[in-house]
Asker: 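Please find one structure pasted underneath; my questions will follow.
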Amino acid sequence: MSTNVLHTPEGWWAVRDERAVRIETKAVTTAELIADRDAVRDAAACDDSGTPVADLVALPPVTTPCRVVAQMVNYRSHAKDSGFSGDIPPTFFRKASGSVSGPHEPIVRPAHVNFLDYEVELGLVMGARLPVGTVVEEADLPSYVAGLVLTNDVSARDVQLTKTQFYESKSYPTFTPTGPHLALLEPEDFTHLPNLRLRLSVNGVPRQDRTLADMIVRPAQALTLLARFQTLDPGDLLLTGTPGGTALKAPPKPVEKIAALLPPALKWKAFFRGQAKNPRYLRHGDLVTATIATPDGRIDLGEQRTAVTDAR
């Protein structure tokens with residue numbers, strides 16, 4: 001069974017139901033904690049009743065700096081929402097590690113961003129070095145992936161679309177809420193990954209709800225493709241894409257064809273004028289709630305609750 005780990009200013013904790021037991025480790029970084037799995041297992045098996053989880057302040061369970069890599073359009077439902085048809089080439093992009101924030105910290109919307117979007121994503125936390133040229137089969141996943149985290153790939157759509165700039169649009173501080181739990185997996189847990197269900201709501205209204213069965217490129221294949229050009233190290237984070245239900249959706253095909261005939265400035269002006277009528281984009285005061293878990297609770301990454309606030 002997986003072991004949920006919580007990171008706080010006081011250190012690392014093994015979570016059992018609503019209580020947590022302090023892990024006796026000198027680990028500071030996620031990579032160091034992964035290397036000290038015996039201490040994690042000892043804490044998880046400890047008879048100590050522990051500390052109420054509600055009394056602890058959760059930090060991101062992935063420590064920075066680290067590489068943060070993400071997959072683009074990796075769920076069939078999201079591809080449909082985005083107007084893609086046919087085969088979609090696997091695509092990766094980077095996010096700044098400084099965008100990683102805690103599971104209950106506010107998402108801060110920069111003053112120049114008008115179209116702030118959400119993307120619940122499963123994060124893979126590397127447990128071993130993945131050199132360039134590595135081929136990862138499904139059976140190899142436990143050798144490279146130590147655990148899973150819940151993430152939200154927050155996106156400034158007006159920056160992303162007008163500049164075709166993924167790095168900037170997704171790298172502002174607080175644009176990668178992560179946690180609360182780092183679920184350290186045992187080899188037998190990996191067969192349960194397809195049952196993971198990703199859900200996100202805004203102000204209690206469901207927006208995203210899919211399982212990994214909707215995923216186009218599964219984790220082993222994604223790591224193989226990434227390893228063609230990118231090395232990953234323990235503690236690095238791979239975001240594996242988001243399902244449909246984001247605020248941004250492609251316009252109808254006839255509208256898209258007409259817009260393609262316009263000069264870029266006019267095209268984007270018309271597009272965002274239409275998007276301004278879309279109430280699904282995040283605004284100051286919104287509360288984003290996200291979970292990822294299997295139906296039987298064997299893997300449960302906890303609940304992320306992040307309020308949206310405007311930059312001061």
Side-chain angles (χ1 to χ4, degrees), residues 7-9 57-70 72 78 81-82 93-121 123 149-180 198-208 237 239 241-242 245-249 264-265 268-291 302-312:
H7 186 207
T8 75
V57 177
L59 298 174
V62 175
T63 54
T64 57
C66 65
R67 295 184 183 91
V68 182
V69 186
M72 186 182 79
H78 186 48
D81 282 355
S82 302
F93 59 91
R94 289 287 295 269
K95 297 189 68 164
S97 65
S99 68
V100 173
S101 56
H104 308 303
E105 292 180 48
I107 297 169
V108 180
R109 180 170 71 99
H112 64 282
V113 173
N114 294 309
F115 300 98
L116 189 68
D117 210 347
Y118 49 84
E119 296 187 9
V120 61
E121 304 206 11
V149 289
L150 164 62
T151 67
N152 184 356
D153 179 21
V154 179
S155 306
R157 298 300 191 193
D158 28 3
V159 176
Q160 176 186 336
L161 296 176
T162 57
K163 295 184 176 183
T164 61
Q165 175 56 272
F166 277 74
Y167 186 76
E168 179 183 346
S169 66
K170 293 168 174 282
S171 287
Y172 293 97
T174 74
F175 271 31
T176 314
T178 304
L198 290 71
R199 291 193 278 191
L200 181 143
S201 65
V202 179
N203 301 326
V205 179
R207 297 284 182 86
Q208 295 181 279
L237 177 62
L239 280 57
T242 196
T246 60
L248 178 67
K249 288 182 173 55
W268 290 122
K269 184 176 180 180
F271 176 78
F272 286 117
R273 186 164 56 240
Q275 292 296 301
K277 302 173 185 176
N278 182 349
R280 295 169 69 90
Y281 287 105
L282 299 175
R283 294 286 182 264
H284 177 82
D286 285 345
L287 179 64
V288 182
T289 305
T291 60
E303 182 180 70
Q304 191 177 103
R305 295 172 63 85
T306 48
V308 180
T309 186
D310 289 340
R312 296 179 180 178

Asker: State the CE-CD distance between M72 and Q160, to the nearest 0.5 angstrom.
Answerer: 8.5 Å
Asker: Starting at CZ of R273, measure out to CD of Q275 and round the result to the nearest 0.5 Å.
Answerer: 12.0 Å
Asker: Between F115 and Y281, what is the ring plane arrangement, given parallel below 30°, perpendicular above 60°, and tilted in between?
Answerer: perpendicular
Asker: Less than 3.5 Å apart, any donor N or O on the side chain of S171 or K95 sitting next to an acceptor on the other?
Answerer: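 There is no such pair (donor and acceptor under 3.5 Å, judged by atom type) between the side chains of S171 and K95.
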Asker: State, to 0.1 Å, how close V62 and C66 come at their nearest heavy-atom pair, and which atoms those are.
Answerer: CG1-SG, 3.8 Å
Asker: Just to verify, which of D117, D153, V68 counts as forming a side-chain contact (heavy atoms from CB on, under 4.5 Å) with K170?
Answerer: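 That would be D153.
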Asker: Go through the steps for R157 and T246 under the test side chain to side chain contact (heavy atoms under 4.5 Å, CB included), then give the verdict.
Answerer: CA-CA 11 Å; R157 298 300 191 193; T246 60; 4.1 Å; yes
Asker: Do L282 and R109 have side-chain heavy atoms sitting under 4.5 Å apart?
Answerer: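 No, their side chains stay 4.5 Å or more apart.
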Asker: Taking all atoms of both residues into account, what is the closest heavy-atom pair of V100 and P60, and its distance?
Answerer: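 Smallest interatomic distance, heavy atoms only, reads CG1-CB, 3.8 Å.
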Asker: Does D81 reach the main-chain N or O of G245 with its side chain, forming a donor-acceptor pair under 3.5 Å?
Answerer: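 Side chain of D81 to backbone of G245, a donor-acceptor pair under 3.5 Å: yes, one is there.
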Asker: Applying the side-chain contact (heavy atoms from CB on, under 4.5 Å) test to Y172, which of V159, V154, V108 qualifies?
Answerer: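 Considering V159, V154, V108, a side-chain contact (heavy atoms from CB on, under 4.5 Å) with Y172 is found only for V159.
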Asker: For the backbone of G98 and the side chain of T64, can you confirm whether one donor and one acceptor N or O come within less than 3.5 Å of each other?
Answerer: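 No; zero donor-acceptor contacts below 3.5 Å.
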Asker: Do D158 side-chain atoms and N114 backbone N/O form a donor-acceptor pair below 3.5 Å?
Answerer: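 Yes.
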Asker: Measure the spacing between CZ of R207 and CD of E119 and express it to the nearest 0.5 Å.
Answerer: 13.5 Å
Asker: For T176 and T178, work out which heavy atoms get closest and say how close.
Answerer: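 Taking T176 first and T178 second, the nearest heavy atoms are O-OG1, 2.9 Å.
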Asker: With the side chain counted from C-beta on, respond yes when F175 and L116 share a heavy-atom pair under 4.5 Å apart, and no when they do not.
Answerer: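 A side-chain contact exists here, since the closest heavy-atom pair is under 4.5 Å.
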Asker: Mind checking the CG-CD spacing from L150 to E303? Nearest 0.5 Å is all I need.
Answerer: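 If I round to the nearest 0.5 Å, the distance is 9.5 Å.
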Asker: Looking at every heavy atom in both Y118 and A247, which two are closest together, and how far apart are they?
Answerer: OH-N, 3.4 Å
Asker: Closest heavy-atom contact between T8 and L59?
Answerer: C-CD1, 3.4 Å
Asker: What are the two closest non-hydrogen atoms of I107 and P177, and how far apart are they?
Answerer: CG1-CG, 4.0 Å
Asker: Walk me through it: do V120 and N152 pass the test side chain to side chain contact (heavy atoms under 4.5 Å, CB included)?
Answerer: CA-CA 4 Å; V120 61; N152 184 356; 5.7 Å; no
Asker: Could you tell me the separation between the OG1 atom of T306 and the CG atom of L200, rounded to the nearest 0.5 Å?
Answerer: 8.0 Å
Asker: Tell me which one of L198, V202, T242 satisfies side-chain contact (heavy atoms from CB on, under 4.5 Å) with Q208.
Answerer: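 Per the side-chain contact (heavy atoms from CB on, under 4.5 Å) rule, the option paired with Q208 is T242, out of L198, V202, T242.
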